[in-house]
There are 2 protein chains.
Amino acid sequence: MLAIGEFSRLTHLSVRTLRRYHDAGLLEPAAVDATTGYRYYSADQIPAAQVIHRLRQLDVPLPDVQRILRSPDPGARATLVADHLQRLEAELDRTRAAVASLRRLLRPEPAPLDVEVRAVPATTVAAVEDDVALEEVLGWYAGAMAELDAVVRQPTGVPGGLYDNALFEDGHGHVLVYRPTAAPPRSGRVHAVTLPAVELAVTTHVGEHDDIDVTYGELGRWVVTNALAVAGPVRETYLVGPRDTPEPDAWRTEIGWPVFRMAPPVPRGPGAVERRPRTSPSSPGR
Amino acid sequence: MLAIGEFSRLTHLSVRTLRRYHDAGLLEPAAVDATTGYRYYSADQIPAAQVIHRLRQLDVPLPDVQRILRSPDPGARATLVADHLQRLEAELDRTRAAVASLRRLLRPEPAPLDVEVRAVPATTVAAVEDDVALEEVLGWYAGAMAELDAVVRQPTGVPGGLYDNALFEDGHGHVLVYRPTAAPPRSGRVHAVTLPAVELAVTTHVGEHDDIDVTYGELGRWVVTNALAVAGPVRETYLVGPRDTPEPDAWRTEIGWPVFRMAPPVPRGPGAVERRPRTSPSSPGR
DNA sequence: GTGCGGCCTCCCGATGCGGGAGGGTCAAGC
DNA sequence: GCTTGACCCTCCCGCATCGGGAGGCCGCAC
């Protein structure tokens, strides 16, 4: 039987950490003295402690570590571990994307922005919609688009999406993806929706969506400085996407920022201030 | 001038987060109404907000973000960013190592352990020593060994190190690296040290040091179950290391766990309990 | 018996974000 | 001019995981 200090030296886990793991039910000492509260560990617990150590190095949350240790079946255990490795991989991808985008941001290139204001008439489309949290948007989008693709036989235009303002302000909001078609079918989550007519300030984002928020910022800035009123959810139109070509540099995403009324692009001044609603659009990220 | 909510929509940073960044002095609003406290941002602040956003995605701590933004010189800025990317890379390496080690740990292979008890006489060596924190050990080791190599002309044996118990229990402790030589020179941090005679339970760790703590655990377990007394800092001897071959699988590191007195390896029982000091060794980690 | 190191519990801080309470402000519409 | 509802304010708390430190009991050697 080993006192906590000795066990600490054997496992390279600090005494405090071992106590925490005991409290959390993660690694119970082989024996606890009822009167003194002293924890005593057995040498057989060293491997378990080392597995915990490794999992913590991978930032596996303590409850998940517990789940992994509790699952007696090596198969289930392997699955849980694999899940975490996959999560790590996804995080790595995000890191890579952020690094690339940061480099682009810090390179001081003006990157002139083409913005066009365009009236879009009301259209009836096949759509899938839901309230979604920001982190889930990507996964939700993939599923919804796949379902649309499976159901819509004769699309009459490129797909698009509408993204609620709240999505970014609050981290969750209403999202709708659609595909134009002559006779929208009704099947599963797919149903007909009539998108209202709007005027949109439109620009095109080129390449991956990793730094589409930068384009959003530039477009928003254009809208603000040109004193155009704004309202309603932002619209994206996927002119060229992964479904069309695997080459990210060829991707084209149109971003449409609703504008309430149009004004000639004059320098802003006291006379140029317009009456406008209090809300303005946001967008999905990444 | 944009209210905080509009700015939030333009930058994809939540309102709360923007307020925090203001409090932290990271992103000051262009104007703050003195009577109402309302924050107003300018469209020119969008790029700064986006850079902050990217840096935070890379887990750059807020004070560091501030330092990066405050440095007006693009060169210094690039250096700070590069430092962080390097840190990310190092973390990635650690993750990779932990994954590999975890796989090895979960594969249930008994891996028989060769342990030998050996009397080591007192020796005078050229040494570098210091109190070091656990996280710094690797970097400190590299520097100390380089200095030793530069100064010791005619080594009479392979290099080694002594690692205080406290290093793992408290996260910092005394560390000494040495190279045996006939006449230890005195230069910079290098000086002569006489290592005391000890008896060591010795085993050899094969391969990279990523999971050397597992070997420590196995050796410690052997020491405990064979009822040997222990005391003093643990010793490592670098039989074959990166200086000898780039092939990690060929590396050999001897781990010596001090034993106070030897007993025949009998099953433990009431009669086999020995008198021994209260302290036992730890080791450097990673 | 005394001293000291080991062990105990309990509280607090750091980090960066979100939730929620409680209350003031702004502008549209009557 | 007043109501209404969205918007903004501050302040407090919780989250996860770790470390620091206080205050006190316990065990063992001398």
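Both backbone and side-chain heavy atoms feed into the values below; hydrogens, waters and symmetry mates do not. The chains referred to below are lettered A, B, ... by the order of the sequence lines, with proteins before strands, and numbering in each begins at 1.
Defined by atom type and a distance below 3.5 Å, a donor-acceptor pair is missing between the side-chain atoms of B:Glu136 and B:Tyr141. Residues A:Asp130 and A:His174 have side chains that never bring a donor and an acceptor to within less than 3.5 angstrom of each other.
A sub-4.0 Å separation between OP1 or OP2 of C:dC17 and a side-chain N or O of B:Tyr21 is present. In terms of phosphate contacts, A:Thr17 brings a side-chain nitrogen or oxygen within less than 4.0 Å of OP1 or OP2 of D:dG19. Between A:Ser14 and D:dC18 there is no side-chain polar atom (N or O) within less than 4.0 angstrom of OP1 or OP2.
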Distances under 3.5 Å between nitrogen or oxygen atoms of protein and nucleotides 21-24 of chain D:
| from | atom 1 | to | atom 2 | distance (Å) |
| --- | --- | --- | --- | --- |
| D:dG21 | O6 | A:Arg16 | NH2 | 2.4 |

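Classified by interplanar angle (parallel below 30°, tilted 30° to 60°, perpendicular above 60°), the ring pair B:His12/A:Tyr216 is tilted.
The CD atom of A:Glu169 sits 15 Å away from the C1' atom of C:dG18 (whole-angstrom rounding). A:Glu135 places its CD atom 14 Å from the P atom of C:dC17, with the value rounded to the nearest Å. Atom CZ of B:Arg19 and atom P of D:dC12 are 15 Å apart (whole Å). Protein atom NE2 of A:His172 is 17 Å distant from nucleotide atom P of C:dC17, rounded to whole Å. For the pair B:Leu55 CG and C:dC17 P, the interatomic distance rounds to 12 Å; values are reported in whole Å. Between the CG atom of A:Asp23 and the P atom of C:dC7 there is a distance of 16 Å, given to the nearest Å. One atom, OH of A:Tyr41, and another, P of C:dC7, lie 10 Å apart when rounded to the nearest Å. The CZ-P distance, from B:Arg20 to D:dC11, rounds to 15 Å in whole Å.
A heavy atom closer than 4.0 Å to some atom of DNA chain C occurs in B:Thr36, B:Tyr38, these being the qualifying members of residues 29-39 of chain B.
If you check every strand for non-hydrogen atoms under 4.0 Å, B:Tyr40 touches nothing. Backbone-only contact: B:Arg56 has heavy atoms under 4.0 Å from sugar-phosphate atoms and none from a base.
Ion pairing of A:Asp210 with A:Arg96 is absent here, as no side-chain N (NZ or NE/NH1/NH2) approaches a carboxylate O to less than 4.0 Å.
For A:Ile4, whose side chain is taken as the heavy atoms from C-beta onward, the closest listed nucleotide among C:dG18, D:dC9, C:dC8 is C:dC8.
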For this session: Given side-chain contact (heavy atoms from CB on, under 4.5 Å), test B:Asp64 with B:Asp83 step by step and report yes or no.
Result: CA-CA 11 Å; B:Asp64 296 28; B:Asp83 283 356; over 6 Å; no

For this session: Just do the side chain to side chain donor-acceptor pair (under 3.5 Å) check on A:Glu28 and A:Tyr41 with the steps written out, would you?
Result: CA-CA 8 Å; A:Glu28 312 261 358; A:Tyr41 295 84; over 6 Å; no

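Contact check for B:His172 versus B:Leu134: no side-chain heavy atoms found under the 4.5 Å cut-off.
A pairwise comparison of heavy atoms in B:Trp257 and B:Val234 identifies CA-CG2, 4.1 Å as the closest pair.
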Distance-only donor-acceptor pairs under 3.5 Å for side chains of residues 13-23 of chain A, two or more places apart:
| from | atom 1 | to | atom 2 | distance (Å) |
| --- | --- | --- | --- | --- |
| A:Ser14 | OG | A:Thr17 | N | 3.1 |
| A:Ser14 | OG | A:Thr17 | OG1 | 2.8 |
| A:His22 | ND1 | A:Arg39 | NE | 2.8 |

